[in-house]
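Before any comments, here is the structure.
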Amino acid sequence: FYQDVQLTAGSEYELEFTLKTDGPVKVAIYDDTTSSYLANSMPIEAQSDAHAYRVRLTVPGPDGRSVNMRAPVFTMDNAGTAMVLDSVVLKELGA
């Protein structure tokens with residue numbers, strides 16, 4: 001699953017979240033403009049306790065342009081994987 005967001009090209013962002021999962025999960029950022037994932041996806045293994053994570057990204061494209069992104073995108077490797085997600089924050093750095 002994912003959330004649609006409007007971000008500014010050329011700006012750096014930090015995505016923070018807390019996650020607990022009973023199976024492998026991948027966290028990524030998807031650029032709707034280019035129909036591709038950014039290179040900084042993060043694999044997360046199963047864990048019995050919730051852990052905090054951070055992902056930094058720079059939005060591609062001409063500086064200052066508004067870009068449609070999906071952030072975060074969570075995909076589960078196995079059917080039936082359960083996860084608990086909390087405290088999702090996406091913030092622009094240096095703003």
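Basis for what follows: all heavy atoms, side chains included, without hydrogens, waters or symmetry-related copies. Predicted, not measured: the structure shown is a model, and the values here were computed from it.
Considering only heavy atoms from C-beta on, Pro60 stays 4.5 Å or farther from Thr34 through its side chain.
Heavy atoms only, all atoms of each residue included: Ala50 and Lys20 are closest at CA-CB, 3.8 Å. Nearest heavy-atom pair across Asn78 and Thr81 is O-OG1, 2.8 Å. Taking every heavy atom of both residues into account, Leu93 and Glu14 meet most closely at CD2-CB, 3.9 Å. Of all heavy-atom pairs between Ala9 and Pro62, the closest is CB-O, 3.0 Å. Between Tyr37 and Ala28, the closest heavy-atom pair is CD2-CB, 3.6 Å. The nearest pair of heavy atoms linking Pro72 to Val27 is CB-CG1, 4.2 Å.
Not one N or O on the side chain of Thr18 forms a donor-acceptor pair closer than 3.5 Å with the backbone of Val88.
Going from atom CG of Asp22 over to atom CD of Gln47 covers 10.0 Å, rounded to the nearest 0.5 Å. Separating the CD atom in Glu12 from the CD atom in Glu92 is a distance of 10.0 Å, to the nearest 0.5 Å.
Grouping the Ile, Leu, Val, Met, Phe, Trp and Tyr side chains by contacts below 4.5 angstrom, directly or via other members, places Tyr30 with Tyr2. Residues Tyr13 and Met42 are members of one and the same hydrophobic cluster, defined by side-chain heavy-atom contacts under 4.5 angstrom among Ile, Leu, Val, Met, Phe, Trp and Tyr. Residues Val67 and Val73 fall into different hydrophobic clusters, defined by Ile, Leu, Val, Met, Phe, Trp and Tyr side chains chained together at heavy-atom separations under 4.5 Å.
A side chain to side chain contact (heavy atoms under 4.5 Å, CB included) with Met69 is found for exactly one of Asp4, Leu7, Thr33, namely Leu7. Checking each of Leu90, Val59, Val5, Leu38 against Ile29 for a side chain to side chain contact (heavy atoms under 4.5 Å, CB included) leaves exactly one that passes, namely Leu38.
Ring pair Phe17/Tyr53 is parallel by interplanar angle, where below 30° counts as parallel and above 60° as perpendicular.
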